[in-house]
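Working notes, beginning with the structure itself.
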Amino acid sequence: MMTGELVKEFRNRFQKVPEHIFFCPGRVNLIGEHIDYNGGQVMPCAISRGTFLAVSKNLDKKFRFHCLNFSEVAELHLQESYSRTGKQWFNYPLGIINQLLADGHNLSGLDMLFYGNLPVGAGLSSSASIEVLTAFAFNELFRLNISGKQMALLSKKVENEFIGVNCGIMDQFAVAMGQKNKAILLNCDSLEYEYIPFNTGNHVLAVINTNKPRTLVDSKYNERFAECGAALKALKKELVINSLCELSIAEYELAKHLINDPVLEKRALHVVSENARVKDAAIALQTGDPGVFGKLMYASHQSLKELYEVTGKELDTIVDFCKTFQGCIGARMTGAGFGGCAIAMVQQNMFDDFSEKLFQHYQHTIGYAPDIFAVTAEDGVAELKA
Ligand code: GLA
């Protein structure tokens, strides 16, 4: 970007220069999928694409929402609370404002212009990005004294209650707390975390967007959420546990008869085995062994395909291609699944060849083109120099 254009457009729309420019990244999850709402460990990183916000205070006690990606604008008077209006993009910042007011913070008017370069609804957390971005901007402008962790929790609450999506904490935490060249190993139960050097040797991290229209994601996501709850409930008949991820694979094998439902057993086996893979993946990165890390990515995808059943033809086509491409050491879907994006670790000097061949293969098999680009692990939300 792009900040030059954002400033110019801000001046056009508000007849003044923005006082601040903030940026919040999106994320990819490297491994640990469908684990955050099961109390285990995940390993996401913030990425180089995300959402920008140019902003200035105003004296007329109004919140003005503009965005370069969408034509709808909104102008709302400062009031005690707000509710969601349809599926408009500004529900995300509005939900954050509503929650800050509910928490008793004193706010006043702002003129806001957003711009995002993440594909929307593609599983790279464009919604977490705009939520945490808004929380961060308000925290800076009104000196609210909210920590990064609290911003993540507040944004998750908005996503769950204001927007109505049952997500876990991973996305908001990753975009708030990311660090350059690091993956975040996050315990979703205790919220303890550590940074792991993202040592990929001479490999780049590729993102492949399936471009599949994602209509069923929310309902299927909620279905998996409920299935895990049902499996946990059955195990609790004899075990004293609060989440599926408290069990090792061996402990689960001993207790699985309590579930007595083949579908729920598959879901639970994915969860406990994926949680174990995250631990192994952290060791592989810490010891600088990208080869092992790549194999764990493939194993994760396999489990999401066969046990959790959230991949689909588009994501499987990408990962199957990756397995045949010599310079690719690992690949898997990332995020909720049912379309969205896959990630792959590809030898740097073969990335162009990889992109070209995968593009052709995918287009030929699926009937439309994917988007393929490389990303790096980046810092979380921050103020940019205007
Ligand atoms: C979505 C949700 C996350 C997480 C992933 C699956 O991205 O927002 O909380 O559950 O799916 O790992």
Side-chain angles (χ1 to χ4, degrees), residues 24-47 50 92 95 118-132 151-178 183-189 191 193 207 209-210 212 214 216-229 232 243-245 267-268 270-278 281 296-297 300-301 303-305 307-312 315 332-343:
C24 185
R27 67 99 189 86
V28 294
N29 185 21
L30 296 169
I31 196 159
E33 215 64 86
H34 288 281
I35 288 295
D36 61 351
Y37 55 88
N38 284 305
Q41 296 201 97
V42 295
M43 205 201 291
C45 65
I47 58 173
Y92 294 96
L118 285 166
V120 173
L124 299 180
S125 296
S126 55
S127 48
S129 174
I130 191 172
E131 287 158 0
V132 170
M151 268 177 229
L153 285 166
L154 180 134
S155 300
K156 174 184 180 284
K157 191 167 183 206
V158 168
E159 186 82 39
N160 294 159
E161 293 171 11
F162 196 86
I163 304 294
V165 177
N166 237 337
C167 69
I169 187 66
M170 173 172 74
D171 304 344
Q172 289 79 9
F173 198 96
V175 305
M177 304 295 285
I184 309 169
L185 180 61
L186 170 66
N187 180 321
C188 299
D189 185 32
L191 291 193
Y193 63 99
V207 174
N209 186 356
T210 61
K212 181 183 180 183
R214 293 175 85 212
L216 285 173
V217 185
D218 289 352
S219 62
K220 285 284 174 194
Y221 185 91
N222 287 341
E223 189 182 294
R224 293 295 174 277
F225 185 90
E227 285 167 345
C228 289
L232 177 64
S243 71
L244 291 178
C245 287
R267 306 297 188 244
H270 164 73
V271 170
V272 294
S273 58
E274 180 77 353
N275 195 40
R277 274 188 290 274
V278 177
L296 290 163
M297 290 173 85
S300 166
H301 188 86
S303 175
L304 288 155
K305 177 184 175 186
L307 300 176
Y308 218 64
E309 297 178 288
V310 293
T311 60
L315 289 163
R332 56 184 292 277
M333 55 156 272
T334 190
F338 311 106
C341 289
I343 52 173

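What's counted below: heavy atoms across the whole structure, side chains too, no hydrogens, waters or symmetry copies. Just follow the structure's listing: the first ligand is 1, and inside any ligand the first atom is 1. Small disclaimer: the values here were computed from a predicted structure and weren't measured. Counting from 1, the numbers follow the sequence of the chain as shown.
Shown here are the salt bridge (charged side-chain N to carboxylate O under 4.0 Å, His left out) partners of K305, two or more places apart in sequence or in another chain: there are none. Every side-chain contact (heavy atoms from CB on, under 4.5 Å) that A276 has, sequence neighbours left out, goes to I249. In this structure S155 satisfies the side-chain contact (heavy atoms from CB on, under 4.5 Å) test together with I96, E131, V132, A135, Q172, sequence neighbours excluded.
At a threshold of 4.5 Å between non-hydrogen side-chain atoms, the residues I47 and L118 count as touching.
The protein residues lying under 4.0 angstrom from ligand 1, judged by non-hydrogen atoms, are R27, E33, H34, D36, Y37, C167, G168, M170, D171, Y221, G335, A336.
Summarising the geometry, atom OH belonging to Y92 is positioned 8.5 Å from atom CD1 belonging to I130; distances are rounded to the nearest 0.5 Å.
Each of R267, R224, H270 was compared with E309 under the side chain to side chain donor-acceptor pair (under 3.5 Å) criterion, and only R267 meets it.
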